[in-house]
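These numbers come from a predicted model, not from an experiment. Proteins come first, then strands; the chains are lettered A, B, ... in the order of their sequence lines, and each starts at number 1.
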Protein chains: 2
Amino acid sequence: MPHNHDELLKHVSADMPSDELLQDLGDLFKVFGDTTRIKIMYALYEDEMCVCAIADLLKMTQSAISHQLKVLKAANLVASRREGKTIYYRLADEHVKSIIGQGYDHITE
Amino acid sequence: MPHNHDELLKHVSADMPSDELLQDLGDLFKVFGDTTRIKIMYALYEDEMCVCAIADLLKMTQSAISHQLKVLKAANLVASRREGKTIYYRLADEHVKSIIGQGYDHITE
DNA sequence: TGAACATATGAGCAATCGTTCATATGTTAA
DNA sequence: TTAACATATGAACGATTGCTCATATGTTCA
């Protein structure tokens, strides 16, 4: 007969966050899980940038960048402000750098 | 004529990590970007678990869990040891908790 | 108002991803 | 050695993703 781990499961289950939170965590990291979006976030590390500057920097179309900025914004990772025709994006808060920094540490250890 | 940001780009480019590192970062976060894998990592937060216990816990097939453990192991996020027929998986290091913790902070702020 | 610029958005498509199913590998005990 | 258990793996399929292309929206200036 297969071995039993009901006790263990009861204990571990009790410590698991809600399904909703677990889903949100996955969704958040999914946003970090794309090189283009990582590059955009790094581009904004020091200062805000307009969409066309990011597109120039990454040698990608304005449309592609715009789509990805929308994803980043929906996850509250970037924020924007308008100045005339131009829209400047910036990192939304310090968590962005913290998360990327922790990832960096894991890779370069 | 479109506006020019050559100077800005030169500055930002200089501060960007290598393409290889950026790719690695995206690949790493991609592994965190799935609810099943997040659940597995949370299950291993306190202690190691065998594959079938994880499968029971998450109510998923042993095969699905095994496939995901392989992904987690390839990213050095979990490690394993064999004890007879059973293989126990554990978190590979403290970075896993740090990264998830930072994500948690971002969501619950 | 109309032209030029900056950005956003929707549809479509190729590529990637996560699961299932069937089966293989590895270990133990009779 | 054979049966039972634990885990791993490859193929296949549906779902999701990131890009492109065309076009829409919003802003400024002449």
Side-chain angles (χ1 to χ4, degrees), chain A residues 1-5 8-9 22-23 25-41 43-44 48-75 77-90, chain B residues 1-5 8-9 22-23 25-41 43-44 48-75 77-90:
Chain A
M1 71 190 154
H3 76 265
N4 181 302
H5 16 57
L8 173 61
L9 294 199
L22 293 164
Q23 182 72 51
L25 269 173
D27 289 346
L28 174 65
F29 286 119
K30 203 168 289 175
V31 179
F32 283 90
D34 174 76
T35 309
T36 298
R37 290 190 292 265
I38 291 279
K39 285 179 181 173
I40 292 174
M41 290 186 275
L44 303 178
E48 62 182 12
M49 281 181 88
C50 64
V51 180
C52 62
I54 300 173
D56 279 6
L57 175 69
L58 305 187
K59 294 178 181 56
M60 293 180 63
T61 64
Q62 172 268 321
S63 176
I65 299 301
S66 216
H67 277 295
Q68 297 299 8
L69 283 169
K70 186 175 187 173
V71 174
L72 288 166
K73 197 168 188 177
L77 298 177
V78 303
S80 63
R81 70 179 179 88
R82 173 182 285 275
E83 189 177 307
K85 288 175 292 188
T86 306
I87 298 186
Y88 291 94
Y89 281 85
R90 62 180 181 279
Chain B
M1 70 190 157
H3 77 264
N4 180 304
H5 16 59
L8 172 61
L9 293 200
L22 292 163
Q23 181 72 51
L25 270 172
D27 289 345
L28 174 65
F29 286 119
K30 202 167 290 172
V31 178
F32 283 89
D34 174 75
T35 308
T36 298
R37 289 189 293 263
I38 291 280
K39 285 179 181 172
I40 293 175
M41 289 185 276
L44 304 178
E48 62 182 11
M49 283 180 87
C50 64
V51 179
C52 62
I54 300 173
D56 279 5
L57 176 68
L58 305 188
K59 294 179 180 55
M60 293 180 62
T61 63
Q62 171 269 319
S63 175
I65 300 301
S66 216
H67 277 296
Q68 297 298 9
L69 284 168
K70 187 175 186 174
V71 173
L72 288 166
K73 196 168 189 179
L77 298 176
V78 303
S80 63
R81 70 178 180 89
R82 174 183 285 276
E83 189 177 308
K85 289 177 290 190
T86 308
I87 297 186
Y88 291 95
Y89 281 83
R90 63 181 180 279

For [X], check side chain to side chain contact (heavy atoms under 4.5 Å, CB included) against everything at least two apart and list the hits.
| X | result |
| --- | --- |
| T35(B) | L22(A), Q23(A), K39(B) |
| R82(A) | I87(A) |
| C50(A) | C52(A), A53(A), T86(A), Y88(A), H3(B), H5(B) |
| V31(A) | R37(A), V71(A), L72(A), A75(A), L77(A) |

Spacing between [X] atom [atom1] and [N] atom [atom2], to the nearest angstrom:
| X | N | atom1 | atom2 | answer |
| --- | --- | --- | --- | --- |
| H5(A) | dC5(D) | NE2 | C1' | 11 Å |
| E83(B) | dA29(C) | CD | C1' | 16 Å |
| K59(B) | dT19(C) | NZ | P | 16 Å |
| L72(A) | dT17(D) | CG | C1' | 14 Å |
| E48(B) | dA6(D) | CD | P | 16 Å |
| R81(B) | dT27(C) | CZ | P | 15 Å |

Legend entry - Ring geometry between F29(B) and F29(A) (parallel below 30°, tilted from 30 to 60°, perpendicular above 60°): parallel
Inset, instruction - Specify the residue among N4(A) and G84(A) whose closest nucleotide of DNA chain D lies further upstream toward the 5′ end. - result: N4(A)
Inset, instruction - Please collect all salt bridge (Lys or Arg N to Asp or Glu O under 4.0 Å) contacts where either partner lies in residues 48-64 of chain B, sequence neighbours excluded, each pair once. - result: E48(B)-R81(B)
Legend entry - ring pair (Phe, Tyr, Trp, His ring centres under 6.0 Å) against Y89(B), all qualifying residues, sequence neighbours excluded: none
Legend entry - Pairing string, 5' to 3', for DNA chain C - Watson-Crick or wobble contacts under 3.5 Å, brackets [ ] where pairs cross, | to another strand: ||||||||||||||||||||||||||||||
Inset, instruction - Using a 4.5 Å cut-off on heavy atoms from C-beta on, say whether the side chain of I54(A) contacts that of L44(A). - result: yes
Inset, instruction - For the residue pair I65(B) and Q62(B), establish whether any side-chain heavy-atom pair is separated by less than 4.5 Å. - result: no
Considering only nitrogen or oxygen atoms on both sides, find all protein atoms under 3.5 Å from nucleotides 15-18 of chain C and state each distance.
residue	atom	partner	partner atom	Å
dG18(C)	OP1	R37(B)	NH1	3.3
dG18(C)	OP1	R37(B)	NH2	2.8
dG18(C)	OP2	R37(B)	NH1	3.1

Inset, instruction - Please list, chain by chain and in numerical order, all residues satisfying side-chain hydrogen bond (donor to acceptor under 3.5 Å, both in side chains) with S80(B), sequence neighbours excluded. - result: K73(B)
Inset, instruction - Check the pair R90(A) / V78(A) against side chain to side chain contact (heavy atoms under 4.5 Å, CB included), numbers first and verdict last. - result: CA-CA 5 Å; R90(A) 62 180 181 279; V78(A) 303; over 6 Å; no
Distances for protein N or O near nucleotides 7-13 of chain C N or O, under 3.5 Å:
residue	atom	partner	partner atom	Å
dT7(C)	OP1	V51(A)	N	3.2
dT7(C)	OP1	I87(A)	N	3.1
dT7(C)	OP1	I87(A)	O	3.2
dT7(C)	OP2	C52(A)	N	2.8
dA8(C)	OP1	Y89(A)	OH	2.6
dA8(C)	OP2	S66(A)	OG	2.6
dA8(C)	N7	Q62(A)	NE2	2.8
dA8(C)	N6	Q62(A)	OE1	3.4
dT9(C)	OP2	K70(A)	NZ	3.4
dT9(C)	O4	S63(A)	OG	2.7
dG10(C)	O6	H67(A)	NE2	2.7

